[in-house]
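Comments concern the structure below.
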Amino acid sequence: MVSIGRMPFLRLLLPIVVGILFGKFISSSHYLYIVGVIGFVIILFSFFKPRKSYHKLKWLFGTGLILFLFSFAIHSYRYRTELVSYNFPEGSSTFVGEVLDLPQPKKRSVACEVKLISPVNKKVLLYFAPDSLSKSLKPSDQIIVNTRINPFKNLGNPNEFDYTAYMEGKGFSGTAYIDSSKWMKTGEYKFSLKTEALLARSHILDIYKTFGLKHDEFAFLSALTLGYKADLTNNLKQAFRASGTSHVLAVSGLHVGIVYVLIVSLFSFLGRRRKMVLIRQIIVLLFLWGYVFITGMPVSVIRAALMLSLFCIGNMFHTKGFSYNTLFAAAFFILIANPFYLFDVGFQLSFMSVFSILFFQPKLSSLYKPKRKVSIYVWSLATISIAAQLGVFPLALYYFGTFPTYFFVSNLLIIPFIGVIIYLAVAITSLSFLTVLNITVLSQIHELIIIFMQFIIKSVLKIIYFFETLPIALLQGNHISILQVILVFTMIYSLAFFVLRKNPRLLTLSLLSVELILLTIIFSNLKRPVNHFFVYNNFSKIEMGYNINNNKIDLQELSNKVVAHPTRKVILLTENLFKYSTNTQVIPIDYLILSSDNTFSMYQLLPFFKPKKVIIDSSISHYAAKKIAGECLKLNIPIHDISDLGAYSINF
């Protein structure tokens with residue numbers, strides 16, 4: 001294990017991480033500027049210390065730098081938080097903005113990332129009415145919109161993905177739906193390298209569409225090579241998750257490494273003389289970051305490209321730097337640029353995966369020394385796969401509660417094809433530009449490579465779908481707490497250090513971690529689960545049901561009925577049958593759920609029911625829900641609008 005003294009970027013990274021955590025969870029007081037000022041003064045003082053006291057006071061510079069970075073991280077996080085905070089006008093306003101990425105067609109709209117430049121400087125997600133104009137938008141187009149920007153809201157359903165935090169982490173401040181009559185292009189266009197890169201990606205996607213691939217095959221190729229995931233279906237993503245190969249769909253270190261090897265191979269003819277090595281590394285860096293731009297700059301690609309860039313710079317000066325320090329340097333620069341990445345799931349999984357590979361893979365590889373090339377390749381691939389899973393499975397359980405049972409075998413079968421597909425994609429795309437020359441030989445080679453690629457992609461998808469169909473392919477519902485994540489990591493790494501150093505204290509720490517994990521599981525099981533009846537927030541369909549002993553049971557017959565509940569009287573109305581009816585007896589109930597029918601009126605329902613609370617399902621239109629809410633307010637009846645306030649639960 002490399003000593004901390006040989007990892008200077010770890011010492012720089014730690015105050016950045018602590019500062020970001022301090023800014024998010026503890027405090028972001030303006031007084032903490034003083035800490036940064038003190039640190040800066042100490043740094044300045046360290047340059048003027050007497051030579052006689054150099055060794056005694058050499059800690060001054062490091063201390064000052066740590067204080068400065070700690071304060072910088074806190075205020076950098078605070079600045080980013082203020083930048084993405086929601087502070088738009090209540091009503092409709094006119095905004096000028098620039099399109100950031102290619103529009104993504106949805107079922108009923110066209111989604112587009114937009115950077116507002118006037119009167120506020122915010123990043124928003126806009127949904128345009130689908131028409132030829134909205135579909136023709138491209139990056140850097142300037143637009144004028146008149147709308148009300150709304151904050152992001154979670155649906156409020158149990159155990160749902162925190163969409164609001166996710167969008168804030170991506171830097172978005174709000175969202176809106178724009179009618180065709182409420183926006184226009186200004187005709188202005190701002191040139192930028194990222195815009196040109198995204199347009200280049202769009203052009204490559206158009207080339208992919210000529211390959212004769214089916215929808216899932218095209219979506220897989222687009223995600224694999226360019227990081228474009230808009231066409232991935234839920235079924236395809238689920239298949240990759242179940243097989244333990246979902247990392248293939250997220251362009252990351254594996255893909256960047258393959259591209260790096262390809263670029264280095266293409267320019268190997270430059271030779272190994274010092275000047276040629278320098279030129280080759282510069283060319284590699286340019287092509288490598290060009291690929292980063294084309295993929296849309298996800299954090300996993302940036303991290304991998306930074307590591308390889310440091311490796312290239314090391315090659316320029318004949319030093320090798322692909323190590324822990326390189327990983328920490330990449331994390332340091334990423335968090336300096338955007339402290340929100342610390343809470344990005346992709347960043348965490350990517351960082352821990354590489355760290356685990358650096359730590360475990362050499363040790364696992366030394367357990368067995370195969371002699372044949374094929375055996376060496378398979379064993380290397382196996383050890384990398386195991387090492388990566390050791391680093392990410394606790395985080396995967398925390399965020400997703402899932403674990404792919406057959407990840408080991410599926411990765412052994414899939415990974416060898418990934419490089420082949422990427423190389424074939426590069427070859428076909430390059431040949432596509434040459435087909436305009438009408439050279440018969442090139443056209444024939446182009447067609448043969450396409451046929452071969454179709455076969456490879458179909459084979460990969462068949463393997464993925466096969467593993468998805470196997471029994472218990474994906475263990476689900478196994479969420480663990482953040483405390484359990486820490487304990488699992490402590491158990492794994494303390495046991496690994498014990499094997500290396502034979503220190504019994506490390507074994508004791510590992511066993512203690514196991515005991516604490518078991519205790520947390522016991523305590524969680526001792527807690528009696530609270531059962532609920534839920535009215536879910538689902539815009540696509542009416543959804544209600546029970547959660548009994550953590551098991552979800554859907555309510556099947558969604559019609560006018562008395563909902564079974566052991567302690568409350570609950571009535572569900574899905575059709576207004578009381579418009580012209582009369583009644584002499586009023587039924588007192590606890591909850592009245594209104595769903596599906598927009599003609600409900602509390603004045604018509606009160607002669608029949610006397611509810612303590614009214615729940616309006618998300619299937620009721622916004623206008624009808626507002627009308628019912630107004631009537632309830634006048635009648636002094638508490639109300640819960642699912643569309644506005646999220647899902648509602650009735651405990652028992």
Side-chain angles (χ1 to χ4, degrees), residues 1-18 21 55 58-59 62-63 66 253 303 307 310-311 314 319-332 342 347-371 375-376 378-398 403 407-408 411 480-521:
M1 184 71 179
V2 182
S3 65
I4 294 179
R6 297 179 63 183
M7 296 183 288
F9 273 101
L10 174 59
R11 289 177 287 179
L12 297 178
L13 179 63
L14 287 176
I16 292 292
V17 172
V18 174
L21 294 174
H55 290 288
K58 64 180 182 179
W59 54 269
T63 302
I66 287 173
R303 189 266 312 153
M307 291 185 67
L310 294 171
F311 180 70
T319 59
K320 303 297 180 182
F322 200 71
S323 61
Y324 293 103
N325 195 51
T326 311
L327 175 63
F328 294 135
F332 173 80
L342 181 63
F347 173 83
Q348 294 174 15
L349 293 174
S350 177
F351 180 87
M352 287 307 303
S353 174
V354 176
F355 180 85
S356 187
I357 289 172
L358 289 172
F359 182 84
F360 286 110
Q361 199 274 336
K363 301 167 182 61
L364 293 173
S365 183
S366 64
L367 296 176
Y368 172 62
K369 296 292 183 182
K371 296 180 179 179
S375 301
I376 292 172
V378 173
W379 178 240
S380 175
L381 193 61
T383 54
I384 289 174
S385 180
I386 295 173
Q389 283 294 334
L390 285 172
V392 301
F393 88 86
L395 290 175
L397 290 176
Y398 173 71
F403 183 80
F407 77 91
F408 181 73
N411 277 279
I480 62 176
S481 66
I482 189 64
L483 173 61
Q484 290 172 323
V485 171
I486 295 171
L487 291 173
V488 171
F489 276 127
T490 303
M491 175 195 69
I492 292 172
Y493 283 98
S494 58
L495 182 61
F497 276 113
F498 167 73
V499 173
L500 292 173
R501 299 181 179 179
K502 310 301 181 185
N503 188 333
R505 292 181 179 178
L506 293 170
L507 180 60
T508 302
L509 179 60
S510 181
L511 294 174
L512 179 62
S513 300
V514 174
E515 291 180 4
L516 291 175
I517 292 170
L518 292 174
L519 281 174
T520 58
I521 294 173

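Note that these values count all heavy atoms, side chains included, but never hydrogens, waters or copies made by symmetry. Residues: numbered from 1 along the sequence shown.
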Stepwise side chain to side chain contact (heavy atoms under 4.5 Å, CB included) check, N503 with F497:
CA-CA 8 Å; N503 188 333; F497 276 113; over 6 Å; no
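Evaluation of the ring pair (Phe, Tyr, Trp, His ring centres under 6.0 Å) rule for Y398 yields no partner, not counting sequence neighbours. In this structure F489 satisfies the ring pair (Phe, Tyr, Trp, His ring centres under 6.0 Å) test with no other residue, sequence neighbours excluded. In this structure L483 satisfies the side-chain contact (heavy atoms from CB on, under 4.5 Å) test together with S481, L487, T520, sequence neighbours excluded. Here F408 pairs with nothing under the ring pair (Phe, Tyr, Trp, His ring centres under 6.0 Å) rule; sequence neighbours left out.
With K369 contributing its side chain and S366 its backbone, the two residues share no donor-acceptor pair below 3.5 Å. Not one N or O on the side chain of S356 forms a donor-acceptor pair closer than 3.5 Å with the backbone of S353. When atom types are taken as modelled, the side chain of S494 and the backbone of T490 share a donor-acceptor pair closer than 3.5 angstrom.
Taking the six-membered ring where the residue is Trp, F407 and F403 present perpendicular rings, their angle passing 60° and hence far from 30°.
Taking CG of N325 as the reference point, atom CG of L13 lies at 10.5 Å (rounded to 0.5 Å). If you take CG on L10 and OH on Y324, they are separated by 11.5 Å, rounding to the nearest 0.5 Å. The line from CG of L327 to CZ of F359 is 13.5 Å long, rounded to the nearest 0.5 Å.
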What pairs of donor and acceptor atoms, side-chain ones from residues 378-396 against any protein atom, are under 3.5 angstrom apart with sequence neighbours left out?
{"unit_1": "W379", "atom_1": "NE1", "unit_2": "S365", "atom_2": "O", "d": "3.2"}
{"unit_1": "W379", "atom_1": "NE1", "unit_2": "Y368", "atom_2": "O", "d": "3.1"}
{"unit_1": "T383", "atom_1": "OG1", "unit_2": "Q361", "atom_2": "NE2", "d": "3.0"}
{"unit_1": "T383", "atom_1": "OG1", "unit_2": "W379", "atom_2": "O", "d": "3.1"}
{"unit_1": "T383", "atom_1": "OG1", "unit_2": "S380", "atom_2": "O", "d": "2.8"}

Please output the side-chain donor-acceptor pairs of residues 506-519 that fall under 3.5 Å, not counting sequence neighbours, one pair per line with the distance.
{"unit_1": "T508", "atom_1": "OG1", "unit_2": "P504", "atom_2": "O", "d": "3.0"}
{"unit_1": "S510", "atom_1": "OG", "unit_2": "M491", "atom_2": "O", "d": "3.1"}
{"unit_1": "S513", "atom_1": "OG", "unit_2": "L509", "atom_2": "O", "d": "2.9"}

